[in-house]
Amino acid sequence: MNGEALNLPKNGQVQNVKGNVMIPIRVVMEELGFDVDWEKRTRTVTIKQSDTTIKLVVNQASATVNGKKLALGAAPILKEDTTLVPLRFVSEQMGLTVGWDNATKTVYLITPDHGSGNGNGIEGNTGNTGSDNGSPGNGSGIPVPEQQNLAGVKGIGFDANRLIIAVDKNVTPDVFHLTGPDRIVIDIPNARFDESFSSNHSLDAFQAGFMDINDYPDVTKIRYSQFSDNPSTIRIVMDLSGARNYSLLNANDGYVIIDLNVDQSYPSKGSGKPLVVIDAGHGGTDPGAISVTKKKEKDLNLSIVKKVEALLKKETQLDYVLTRSTDVYVTLQDRAKLANNLNADVFVSIHANSGSATASGVETYYTRQESVPFANVMHKYLVKSSGLSDRKVRAKSLHVTRETTMPAVLLEVGYLSNKSDEALLYTEKFQNSVAQGVVDGIKEYLGLK
Ligand SMILES: [Zn+2]
């Protein structure tokens, strides 16, 4: 349940009766946590939780749920002094999501309140193996409640160890890690595949499919399926090459993002070292400014950031995180949120400007007053390391400098609309120098030099 193995009592094993998984009422009570009443005379089991009451009678193939009669795939049975009830029926009526892996005969239960988080769900070997895509079916004749206002999953993308799920409504995904083999499961309740999904992704007759991942060694495959109809749930599974930490970013901005924290590049603040977030502006579908010779700003920004990274790697007194390390689109919200969630000490965004053909030089932008001392230090090094004219420290309401909660600056390292600036900006020498200036500025501000 929620990725953890339930400890079933010795005489309380789950049993498979004619294709229906049956569970002792004692387990329903002790492990699932529902109230259970047993009336011996009428051999009636009453299971209650919040506003749902299920009544089941031994050997009777129907049950009542809040007074409404529903068919059962299998009647409850009395066996060795304990009553067994159909697990799927009871769980689903109580709002749990039920998955069934036919290969390993494993039932997965997910509670609706199971919080999403940083992999705290599952540790150790739960004995879960095989496919998570097994269609759970609905052979019990239970009427599926009408599902309205379902969120549409529009697409799935994976790049730079970042899984992005595009949705058309706010969703509350449930993310957890399973072992044997290692994988990260993302369940999106109250969701379905949007029509646009199938235009970019293959979906088979069972509303399932997968993408092979070849470029990133940590992930082998991403699978997706309509995992449950009741409630309608989309399941996405990242098959991993080993155990990996992850973080969930769900800003309710149309994207659910799962970042794999590989190479421990997402250090926790527990290390006691200052944490620096470096942000390469734009990326992916967002090219940023286009230079006079038709080069893209996003590539320049990333190139400089990679050089900053190489320098920061050698610094033992601080930790750093990049908002992107490849040519991938990241929303402004996620850039700020990443830094805020990590409780970073400083945030530096690298950009290049565009304007008139004669405009030339460097600028440092900030939004919040508390960023001014940091902006002043960073600008001093930017002017020196770029060798370009000083266009001053400037206040401006920019998303990443406004929405972050630590000293944050946005550096414009030159003008792509200016012929001579542009020619200089794309040289290794300039980029190495500016990268060194960025690192020197950060170190001075943090008192590390
Ligand atoms: Zn830019």
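The analysis underlying the following values was restricted to heavy atoms, covering all of them including side chains, and did not include hydrogens, waters or symmetry mates. Note that ligands are numbered from 1 as they come in the structure, with each ligand's atoms numbered from 1 the same way.
For the side chain to side chain donor-acceptor pair (under 3.5 Å) test, no residue two or more places apart in sequence or in another chain qualifies with T53. Residues meeting the side chain to side chain contact (heavy atoms under 4.5 Å, CB included) test with V171, sequence neighbours left out: A151, V167, P173, I188, V256. In this structure, the side chain to side chain donor-acceptor pair (under 3.5 Å) partners of E422, at least two apart in sequence or on a different chain, are S291, T293.
Annotation: protein N, O or S atoms under 2.8 Å of the Zn ion (ligand 1) (waters excluded) comprise H282 NE2, E297 OE1, E297 OE2, H351 ND1.
Side-chain contact between Q431 and L300 is present, with at least one heavy-atom pair separated by less than 4.5 Å.
The aromatic rings of H201 and Y224 stand perpendicular to each other, their planes meeting at an angle above 60°, with 30° marking the opposite boundary.
A donor-acceptor distance shorter than 3.5 angstrom exists from the side chain of N340 to the backbone of E403, with no hydrogens or angles considered.
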